[in-house]
2 protein chains.
Amino acid sequence: MTQLRKGLMELCLLRLLRGGESYGYEIVRRLRSLPALAVSESTVYPVLARLRAEGFVRVREAPSPAGPPRRVFSLSARGRARLAEYNAHWNAVIADLDSISHPSPKESDP
Amino acid sequence: MTQLRKGLMELCLLRLLRGGESYGYEIVRRLRSLPALAVSESTVYPVLARLRAEGFVRVREAPSPAGPPRRVFSLSARGRARLAEYNAHWNAVIADLDSISHPSPKESDP
DNA sequence: GCTGACTACTATGCTTTCCGTAGTACGTCA
DNA sequence: TGACGTACTACGGAAAGCATAGTAGTCAGC
């Protein structure tokens, strides 16, 4: 089932950041609360680095109440465009998969 | 975007076979007609082999009107159980991803 | 009876992504 | 000072999809 997540993390993070800026550690915690998408640091940080390298997110430093400073990520304009593309593709996948389940209304298996 | 398909092929094939038995070449053609799931032989055949090795599908030989005999696949009882599991997980993924998009009903960005 | 086209499947090697495990370093509080 | 929570980094492995190429069976048409 872990394979189903391949390529989904990017969409997850873009969507998360659309709701407002956040930092790695918090993102990990929020994703952990979703059973089907639960991931660990070693998954999230590389994706964030990738998104940053491609200019989809911006980073700024912010002090933490306890611990080292945070790297706070926020969506860039390119990131928003990317998210739109990604959402479209994701919806297409869902639609196509649905079309397999319901091939035509004439067939109904008992 | 190809990464989004990781782990999805198994679900695709199980769903396709739920609608009735089929063989590799036809499955490839049917998937090619779905833009978001379009794949080639080199993707489909290994997945079919995997499903067969794990007992999720049965195989029988059938003559072809033109060409070598076909290997016709059909869902086994285990395969149907697997499909149910897979569907449940898939729906969970969709739900969790949706919950990211709509974190709480108080926020609505224009 | 040979060529070409279509059918059906096989083989190999690469790339990407997720993830387990481990480690580093900062800061507060007792 | 040392234990604890925070925040991030590094490394290696595994699995799936996919490009590319190849094998082989059957039939049509000349």
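All chains are named by letter (A, B, ...) in the order of the sequence lines, taking the proteins before the strands, and each is independently numbered beginning at 1. No hydrogens, no waters, no symmetry mates; every other heavy atom, side chains included, goes into these values.
The distance from the CG atom of A:Leu16 to the CD1 atom of B:Ile100 is 4.5 Å, given to the nearest 0.5 Å. Note that CE of A:Met1 is 9.0 Å distant from CG of B:Leu11, once rounded to the nearest 0.5 Å. A distance of 7.0 Å separates CD1 of B:Ile94 from CG of A:Asp98, quoted to the nearest 0.5 Å. The line from OG of B:Ser76 to CZ of B:Arg58 is 6.0 Å long, rounded to the nearest 0.5 Å. Atom-to-atom distance recorded for A:Thr43:OG1 and A:Leu31:CG is 9.5 Å, nearest 0.5 angstrom.
Put simply, CD1 on B:Ile27 is 12 Å from C1' on C:dA8, counting in whole angstrom units. Between B:Arg71 atom CZ and C:dT7 atom C1' the separation is 15 Å, expressed in whole Å. Atoms CD (B:Glu26) and C1' (C:dC9) sit 15 Å apart, rounded to a whole Å. Remark: P of D:dT6 and CD of A:Glu61 are 19 Å apart, rounded to the nearest angstrom. For the pair A:Arg70 CZ and D:dC8 P, the interatomic distance rounds to 8 Å; values are reported in whole Å. Between B:Arg30 atom CZ and C:dT7 atom C1' there is a gap of 18 Å when expressed in whole angstrom units.
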Give the table of side-chain donor-acceptor pairs shorter than 3.5 Å for residues 81-88 of chain B, with sequence neighbours excluded, one pair per line with atom names and distance.
| from | atom 1 | to | atom 2 | distance (Å) |
| --- | --- | --- | --- | --- |
| B:Arg82 | NE | B:Glu10 | OE2 | 3.1 |
| B:Arg82 | NH2 | B:Glu10 | OE2 | 2.8 |
| B:Tyr86 | OH | B:Gly7 | O | 2.4 |
| B:Asn87 | OD1 | B:Arg15 | NE | 3.0 |
| B:Asn87 | OD1 | B:Arg15 | NH2 | 2.6 |
| B:Asn87 | ND2 | B:Leu83 | O | 3.4 |

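Between A:Tyr25 and the phosphate of D:dC8, there is no side-chain N or O to OP1/OP2 separation shorter than 4.0 Å. The shortest distance between the side-chain N/O atoms of A:Tyr45 and the OP1/OP2 oxygens of D:dA7 is not below 4.0 Å.
The shortest heavy-atom contact between A:Glu21 and A:Ser74 is CB-CB, 3.8 Å.
Between A:His89 and B:Leu4 there is a side-chain heavy-atom pair separated by less than 4.5 Å.
From one end of the helix from C:dG1-D:dC30 to C:dA30-D:dT1 to the other, with five pairs defining each end axis, the axis direction shifts by 0° (rounded to 10°).
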Task: Per-nucleotide protein contact string for nucleotides 14-20 of chain D (B base, S sugar-phosphate only, - none; heavy atom under 4.0 Å) - done: -BBSBBB

